[in-house]
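Here is the structure we will look at, set down as structure tokens.
The analysis underlying the following values was restricted to heavy atoms, covering all of them including side chains, and did not include hydrogens, waters or symmetry mates.
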Amino acid sequence: MAFTGNYTCNSFRSGLIAGSFNFAVGTPDTYKIALYTNDATLNETTASYTASNEVVASGYTAGGILLTPAVNIVNNVSFVTFANVSWSAAITARGALIYKVGGSNPAVCVLDFGVDKTSTTTFTVTFPPASPTEAIIRIA
């Protein structure tokens, strides 16, 4: 088993300090989510998007699918969430990588689904609610 948990990638942490990531409404950077098999080795040291052990399926395009970010601040917590995404395909995936498109395609975070997830018609990634305690990215 290569996935061992959910991680905020070091490339994202250092990129935030350097001002390399923009989720702001109006002029956000472009972000994608790519799906991976359990053979993928993704963790906090994952620096950028990789095609190694990415899902291969009819209806799935290498590199994944575009994400739509939403930024909020509630109770002094800034958070980013994304709209749910889906692929019309039979897919088995163990996890995913969110990354910024462009430059070196720097990694934002790794999502471990816990077990292989399989769909026969539509594969959907459902993000947690947009709240300061549940959003996928939170900065307090």
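Pairing each heavy atom of Ser20 with each of Asp29, the nearest pair is O-OD2, 3.6 Å. Closest of all the heavy-atom pairs between Ile98 and Phe127 is CD1-CE2, 3.9 Å. Across all their heavy atoms, Val80 and Pro69 have their closest contact at CG1-CB, 4.2 Å. The shortest non-hydrogen separation linking Ser48 to Ser104 is CB-O, 3.0 Å. The minimum heavy-atom distance between Ser11 and Pro106, with the atom names listed, is OG-C, 4.3 Å. Closest non-hydrogen pair, Val71 versus Ala24, comes out as CG2-N, 4.3 Å.
Taking the six-membered ring where the residue is Trp, the centroids of Phe123 and Tyr60 are separated by 6.0 Å or more.
Criterion: ILVMFWY side-chain heavy atoms under 4.5 Å apart, direct or through other members. Under it, Ile91 and Ile65 are part of a common hydrophobic cluster. By the criterion of side-chain heavy atoms lying less than 4.5 angstrom apart, applied directly or through intervening Ile, Leu, Val, Met, Phe, Trp or Tyr residues, Phe23 is grouped together with Ile139 in one hydrophobic cluster.
Between Asp116 and Arg94 there is no salt bridge, since no side-chain N of the basic residue sits under 4.0 Å from a carboxylate O of the acidic one.
Interatomic distance, CG of Asn6 versus CD1 of Ile136, reported as 7.0 Å (0.5 Å rounding). The line from CG of Asp39 to CD of Glu54 is 13.5 Å long, rounded to the nearest 0.5 Å. Here the CG-CD1 distance, from Leu16 to Ile137, works out to 8.0 Å after rounding to the nearest 0.5 Å. To the nearest 0.5 Å, atom OG1 of residue Thr50 and atom CG of residue Leu42 are 7.5 Å apart.
For the pair Thr8 and Arg13, the minimum side-chain heavy-atom distance is below 4.5 Å. Contact of the Thr92 side chain with the Thr37 side chain is not registered, since no non-hydrogen atoms from C-beta on lie closer than 4.5 Å. Looking at heavy atoms from C-beta onward, Ser52 lies out of side-chain contact with Tyr36 at the 4.5 angstrom threshold. Residues Val74 and Phe79 form a side-chain contact, since some pair of their non-hydrogen atoms from C-beta on lies under 4.5 Å apart. Looking at heavy atoms from C-beta onward, Cys9 lies out of side-chain contact with Glu44 at the 4.5 angstrom threshold.
Side chain of Thr61 to main chain of Gly64: no donor-acceptor pair is present (N/O by atom type, distance under 3.5 Å, no hydrogens or angles). A donor-acceptor distance shorter than 3.5 angstrom exists from the side chain of Ser119 to the backbone of Ala89, with no hydrogens or angles considered. Judged by distance alone, with hydrogens and angles left aside, the side-chain atoms of Thr124 form no donor-acceptor pair with the main-chain N or O of Thr126 at under 3.5 Å. Arg138 contributes no side-chain N or O that, together with a main-chain N or O of Ser78, makes up a donor-acceptor pair within less than 3.5 Å. Looking at Asn75, its side chain never comes within 3.5 Å of a backbone N or O of Val77 through a donor-acceptor pair. Distance alone, capped at 3.5 Å, places no donor-acceptor pair between the Asn72 side chain and the Ser131 backbone.
Between Tyr7 and the choices Val110, Leu111, Leu97, the side-chain contact (heavy atoms from CB on, under 4.5 Å) rule is met once, by Val110. No option in Leu66, Val125, Val108 other than Val125 meets the side-chain contact (heavy atoms from CB on, under 4.5 Å) test with Ile33. Under the side-chain contact (heavy atoms from CB on, under 4.5 Å) rule, Tyr99 has a single partner from Tyr49, Phe12, Tyr31, which is Tyr49.
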Give the intermediate values and the outcome of side chain to side chain contact (heavy atoms under 4.5 Å, CB included) for residues Trp87 and Thr122.
-> CA-CA 6 Å; Trp87 292 262; Thr122 302; over 6 Å; no
